[in-house]
Amino acid sequence: MTDTHSKHRVEGRRGAPRALLAAAGLLAFTACNLDVVTPDVVPPSATAGASALPTLLAGAVGDFAVAYADINNGNSGEGIVLNSGLFTDEFTSADYFSTHIEVDGRRVQPPNSSNNGVMRSLFRALTSANSTGQRYIDAGVPNDPGHARVLSLGAYVYTIISEDYCSGVPFSTINDDGSFNYGSPLTAEQMRTAALAKFDSAIAVATAAKDDQQLYLAEVGKGRVLLDAGQFSAAAAAVTDVPDDFNFSTEHGVIDPRTENGVYSLTWVNPRYTTTNNEGVNGLAFVAADDPRLPFESLGTSSFDGQTHLFATTKYGSYTAPVAIATGTEARLIEAEASLKNADYGAALGILDALRAAKGMSALTPAATASEQVDQLFSERAFWLFGTAHRMGDLRRLVSPQYGRAVTDVYPSGRYAKGTTYGDQVAFPVPQTEENNPNFTRAACDPSKP
C-alpha cells in the first residue's frame, strides 16, 4: 500500500509467504511465491521472530489489497471495491455472468461464487492481519509501526463486512497447531465494536511509534465506524487532526496478476464492469455529470453482452493505479456529515465547498430543504469516494434509523436492465460455504434488513 508521507512502505508481493488463510468456514495456513509452488502449510516456527516480521507484514498488506482492490485473473477475481460497487449504483454488469447479474440486480443467492470469493478474501485478509499482529507481540516489538498497520487493516475488514453484509456474520479462527474454531455470528454492532477496539489499539501503537501516517489511517477508520454507528460528534472528533492531503492507498505492481490492480483489469482490459449512470431510478449520474473527480473514457459497446456501453474511469487507468483506503478528504466529509446531523448546514456546506475549491471546482448551490441537504452531502461523498468501497455503507446508512429513508428511494430499484426487477437486498448474504458452521443460522442473517 502507498502512503504519501510514511517511510514504512512494504509492498504486498506474492513472493512473501503468508502465514494465514481464512475462508468462509474453511481456514488454513498457506504460502505464495512468484516462481515456485510452495507448501499449503507453513509451520509457525517458520514465521517466528523479529526477522520474519517484514515478510509477514508484506503478506498481510498484499492479502488486504487482494480483498479490497481485486486481482487480475482475466475474467473475475473481484474484490469488495467492485462487488459493492456493482451492488450499488457505481458499476453495472457488462457481461452475461449470472453471478454478476445477481449482484447487480440485488438478488444475490448464497451459492453465488463472486460473493463467496470476495468474502473468502476478506476473511483471509483478517486472519493475515490478526496473525501478523500477534507475531509483533511475540517478537517483543508491539510498538512497531507495522503492528499499527496490521491492526488497522484488520479493523477495516470488520468495518467493511459490517457495512456490506447482513448482520450476523460468523468469524472463525485457526490455531497455530492447525486446530479450527467455528466462530459465532456477530451482529453489525458487534463488528463495529471489534473494529473500534482494533482502531484504538492501532492509534495507541502509532502514537507510541511516533508514526503519523499509521495514526491518521486508524483515525479515519475510527471516524468511519463511528459514523456508521450514528455517533456523529465522536466521528468528527476522531478525525480532527487528519490533514487534508493525507492519502493511504493500496499499492500495485506488475510482478504477477496478484499484484496488479484488478479494478483496472475488469473495467479496461477485460471490461466486465462499467461505470453506470442513473442506475435503477435512484442511481447518481456518474457518467453524465462529467465530474473532474471521476474522469472516464468511452470504450464503446461491450463485447461480452453486446449491449452495455462501456465507460471506464481513468481513476484506475493502469495495473499500478492505487486505490485509496483512507484520505484527508474522507476525514473532512465525516466532519461535514457530523455538522449536518448537528443542524449546522452552513458548516457542512463550507467544508464541502472547501474540498471542491481545492479541486478547482465551483461552489455548490445551497440546498433548500433538509432532505435536499442530505442528498447533496451523500452525492458529494459518492463522487469523492467513488470506487473505494464506501458507497454501500452510505446507502445502508441512509435506510437505517439514522436517516430513515425507504429502500426503494435509495438503492437502484424498479426494472433491471437485464431482465426482471431489482431485488430487496440491502446487503450481501453470507455465502453457502459457511453453512457447515454449526453456529450459523441463515435466517438470523437477513440481507433485506437495514
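Side chains included, hydrogens not; waters and symmetry mates left out as well; all remaining heavy atoms used. Owing to the predicted nature of the structure, the values given are computational and were not obtained by experimental measurement.
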> For Glu330 and His390, what are the C-alpha separation, side-chain angles and deciding distance, and is it a side chain to side chain donor-acceptor pair (under 3.5 Å)?
Replying inline: CA-CA 10 Å; Glu330 182 182 356; His390 283 78; 3.0 Å; yes

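- Taken to the nearest 0.5 Å, the CG atom of Leu377 stands 7.0 Å off from the CG atom of Leu333.
- Interatomic distance, OH of Tyr411 versus OG1 of Thr88, reported as 8.5 Å (0.5 Å rounding).
- Between Lys222 and Glu219 there is no salt bridge, since no side-chain N of the basic residue sits under 4.0 Å from a carboxylate O of the acidic one.
- Note that NZ of Lys341 and OG of Ser233 are 11.0 Å apart. Values are rounded to the nearest 0.5 Å.
- Residues Thr267 and Thr274 fail the side-chain proximity criterion, which asks for heavy atoms closer than 4.5 Å.
- Side-chain atoms of Tyr158 never come within 3.5 Å of backbone atoms of Leu196 as a donor-acceptor pair (strictly under, hydrogens ignored).
- Residue Glu434 comes nearest to Pro170 through the heavy atom pair CG-CG, 3.3 Å, listed as atom of the first residue, atom of the second, then distance.
- Under the 4.0 Å criterion applied to side-chain N and carboxylate O atoms, Lys418 and Asp104 are not assigned as salt-bridge partners.
- When all heavy atoms of Pro447 and Cys445 are compared, the pair lying nearest together is CD-O, 3.3 Å.
- Because its NZ or CZ atom is not both nearer than 6.0 Å to the ring centre of Tyr264 and within 45° of the ring axis, Lys315 does not count as a cation-pi partner of that residue.
- A donor-acceptor pair is defined here as one N or O able to donate and one able to accept, closer than 3.5 Å; such a pair exists between the side chain of Arg106 and the backbone of Pro412.
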> Would Asn116 and Thr433 satisfy side chain to side chain donor-acceptor pair (under 3.5 Å), going step by step from the backbone distance to the final call?
Replying inline: CA-CA 7 Å; Asn116 178 63; Thr433 49; 2.7 Å; yes

> Thr173 and Asn181: side chain to side chain donor-acceptor pair (under 3.5 Å), yes or no, with the steps?
Replying inline: CA-CA 5 Å; Thr173 59; Asn181 304 311; 3.2 Å; yes

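- Residues passing the side chain to side chain contact (heavy atoms under 4.5 Å, CB included) test with Ser113, sequence neighbours excluded: Thr99.
- For NZ of Lys449, the number of neighbouring non-hydrogen atoms (other residues, nucleotides, ligands) closer than 6.0 Å is 12 at most.
- Closest heavy-atom contact between Ala209 and Asn143: CB-O, 3.1 Å.
- Between His147 and Tyr136, the two ring planes are parallel [angle under 30°; tilted spans 30° to 60°].
- Counting heavy atoms from C-beta outward, Phe428 and Cys166 have side chains that stay 4.5 Å or more apart.
- The closest side-chain heavy-atom distance from His100 to Tyr273 is below 4.5 Å.
- How far OG of Ser84 is from CZ of Arg396: 12.0 Å, rounded to the nearest 0.5 Å.
- Remark: side-chain polar atoms of Thr314 are not paired, donor with acceptor, to backbone N or O of Gly317 under 3.5 angstrom.
- Taking all atoms of both residues into account, the shortest heavy-atom contact from Tyr68 to Ala324 is OH-O, 2.7 Å.
- Side-chain atoms of Asp144 come within 3.5 Å of backbone N or O of Gly146 as a donor-acceptor pair.
- Residue Phe296 is tested with Phe286, Phe311, Trp268 for a ring-ring contact (aromatic ring centres under 6.0 Å, His included); the sole match is Phe311.
- Listed by chain and residue number, Asn115 satisfy the side-chain hydrogen bond (donor to acceptor under 3.5 Å, both in side chains) test with Tyr165 (two or more places apart in sequence, or in another chain).
- Using a 4.5 Å cut-off on side-chain heavy atoms (C-beta onward), Arg391 and Phe386 make no contact.
- In summary, Arg124 and Asp63 do not engage in a salt bridge, as defined by a charged side-chain N under 4.0 Å from a carboxylate O.
- Atom CG in Leu310 sits 5.0 Å away from atom OG in Ser302 (nearest 0.5 Å).
- Formation of a donor-acceptor pair under 3.5 Å by the Asp353 side chain with backbone atoms of Leu364 is found in this model.
- Here CG of Asn261 is found 6.5 Å from OG1 of Thr250. Values are rounded to the nearest 0.5 Å.
- For the pair Arg272 and Phe97, the cation sits on the ring face: its NZ or CZ lies under 6.0 Å from the ring centre, inside 45° of the axis.
- Between Glu380 and Arg293 a salt bridge is recorded (basic side-chain N to carboxylate O distance below 4.0 Å).
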